[in-house]
Colleague: 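Supplied in structure tokens, the structure appears directly below.
Keep in mind that what you see is a predicted model, and the values were worked out from it rather than measured.
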Amino acid sequence: MSRLFIFGLGYTAKRIAQALGAKGWEVVATGSDGELDFADRDAVREALAQCTHVLSSVPPSENSDPVLDLYADALAGKWLGYLSSTGVYGDAEGAWVDEASPTGTGRRSARAECDSRWLELGARVFRLPGIYGPGRSAFERVREGKAHRIDLPGQVFSRVHVEDIVSGVVTAIARGAPPGAYNLADDLPTSQNAVIEEACRLLGIEPPPLQSIEQAGLSPMARGFYAENRRVANGKARRVFGWSPAYPTYREGLRGLL
């Protein structure tokens, strides 16, 4: 039986666990919804010894990777996967980036370092843009009055539906994707404004007014989001293991969430 160990059973990893569980996999995980305490080294190492595959969704902590810091020596010989971020590419001034583009130049320098460490171990590193899905989408922000339209002409982002991440990881395992980095993003990078406007259209309400970043009173984290501008190419995942998004643009994704 194939057994998967997940470090960090969060929003996305939980859905990956469910998808593989439905295919007969045995899954064990750390995290608030997992069975194991990350800090219980003996229990974690015992479970890792019985697993064939390992997936980490744990973000950097104190500029390092807590999983590799504690358990790197227990990962040898296993299929390794890591959920990373397209933030490793930094600001491309709206240009396209792919897996050959430089990393480590943006605000996600710690993430880029962890990304590199997992690649050195022979992992499949899935670089993810803005993740949306049930309970975590433009609809929630609009309904809660937290949606913004920022007046930044030419600013674009890539995004991905959580179920397309699930299909990407599951397909990479099933089709034997070789180690390396893979962008899992939709086909249509676009402005956040366009996504908010489409959500409002589907809800039958008026979109929020255009504002400057200063007028919107954004948090430092949100400001950092708008400080980078890039389009993320997904061609490698398509070519290497035949992945394609079920939600190729935000339009299909939002309609599916309704």
Side-chain angles (χ1 to χ4, degrees), residues 8 10-12 56-69 80-121 123-132 136 138 148-162 164-165 168-169 179-196 212-214 216 218-240 243 245 249-250:
Y11 181 79
T12 301
S56 175
S57 70
V58 177
S61 176
E62 298 180 356
N63 293 323
S64 190
D65 190 298
V67 172
L68 297 183
D69 290 346
L80 301 178
Y82 177 60
L83 301 187
S84 185
S85 165
T86 56
V88 300
Y89 297 117
D91 180 29
E93 299 182 347
W96 287 93
V97 296
D98 63 17
E99 293 83 355
S101 299
T103 62
T105 60
R107 61 193 174 93
R108 298 288 185 91
S109 57
R111 174 69 84 173
E113 177 63 26
C114 296
D115 183 298
S116 178
R117 289 177 67 186
W118 280 96
L119 286 173
E120 290 172 1
L121 286 179
R124 288 79 181 160
V125 172
F126 302 99
R127 293 175 178 163
L128 312 175
I131 301 170
Y132 72 100
R136 186 180 293 187
H148 297 284
R149 288 196 303 149
I150 305 299
D151 189 12
L152 285 174
Q155 186 82 10
V156 296
F157 307 99
S158 290
R159 54 195 51 78
V160 64
H161 194 291
V162 67
D164 285 328
I165 302 172
V169 174
Y182 300 96
N183 295 334
L184 299 182
D186 74 10
D187 296 335
L188 185 63
T190 192
S191 68
Q192 185 70 359
N193 293 351
V195 178
I196 295 300
S212 68
I213 287 182
E214 291 72 24
L218 300 179
S219 67
M221 181 178 294
R223 283 174 175 262
F225 176 77
Y226 281 99
E228 296 180 349
N229 185 2
R230 62 180 166 265
R231 292 170 165 86
V232 178
N234 62 23
K236 183 181 177 182
R238 289 177 176 275
R239 293 190 306 272
V240 174
W243 172 81
T249 82
Y250 66 93

Colleague: When rounded to the nearest 0.5 angstrom, what is the spacing between CG in L128 and OG in S158?
Modeller: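 Separation between the atoms: 11.5 Å.
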
Colleague: Is the shortest side-chain N to carboxylate O distance from K236 to D98 below 4.0 Å?
Modeller: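 No, no charged N to carboxylate O under 4.0 Å.
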
Colleague: Using a 6.0 Å cut-off, check whether atom CD of E93 has over 12 heavy atoms from anything other than its own residue.
Modeller: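 Atom CD in E93 is not crowded, with 12 or fewer foreign heavy atoms closer than 6.0 Å.
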
Colleague: Can you name the nearest heavy-atom pair linking G87 to S85, along with the distance?
Modeller: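 Closest approach of G87 to S85, heavy atoms only: N-OG, 2.8 Å.
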
Colleague: Would you please name every residue forming a side-chain hydrogen bond (donor to acceptor under 3.5 Å, both in side chains) with Y82, sequence neighbours left out?
Modeller: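 Only R111 meet the side-chain hydrogen bond (donor to acceptor under 3.5 Å, both in side chains) criterion with Y82.
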
Colleague: Tell me, with the steps shown, if V169 and L83 meet side chain to side chain contact (heavy atoms under 4.5 Å, CB included).
Modeller: CA-CA 9 Å; V169 174; L83 301 187; 4.2 Å; yes

Colleague: Using every non-hydrogen atom in the two residues, find where S84 and D115 come nearest and quote the distance to one decimal.
Modeller: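 Of all heavy-atom pairs spanning S84 and D115, the closest is OG-OD2, 2.8 Å.
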
Colleague: With Y89 as reference, evaluate R230, E228, R127 under the side chain to side chain donor-acceptor pair (under 3.5 Å) test and give the passing residue.
Modeller: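 Answer to the side chain to side chain donor-acceptor pair (under 3.5 Å) test with Y89 among R230, E228, R127: R127.
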
Colleague: Stepwise, does the side chain to side chain contact (heavy atoms under 4.5 Å, CB included) test hold for D164 with L184?
Modeller: CA-CA 8 Å; D164 285 328; L184 299 182; over 6 Å; no

Colleague: Looking at N234 and A185, would you say the former's side chain and the latter's main chain have a donor-acceptor pair under 3.5 Å?
Modeller: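 A pair under 3.5 Å: yes.
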
Colleague: Under the side-chain hydrogen bond (donor to acceptor under 3.5 Å, both in side chains) test, which residues partner D65, sequence neighbours left out?
Modeller: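 In terms of side-chain hydrogen bond (donor to acceptor under 3.5 Å, both in side chains), with neighbours along the sequence ignored, D65 is linked to W118.
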
Colleague: Which heavy-atom pair separates N183 from A237 by the least distance, and what is that distance?
Modeller: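 Scanning both residues completely, I find the closest heavy atoms to be O-CB, 3.9 Å.
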
Colleague: Evaluate the ring planes of Y132 and H161, with Trp represented by its six-membered ring, and classify them as parallel (under 30°), tilted (30 to 60°) or perpendicular (over 60°).
Modeller: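 Answer is perpendicular, since the angle exceeds 60°.
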
Colleague: Using 0.5 Å steps for rounding, measure from the CD1 atom of I131 to the CZ atom of R159.
Modeller: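 That separation rounds to 12.5 Å.
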
Colleague: So, taking the atom named CZ in R231 and the one named OG1 in T86, what distance separates them when rounded to the nearest 0.5 Å?
Modeller: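 If we round to the nearest 0.5 Å, R231:CZ and T86:OG1 are 13.5 Å apart.
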
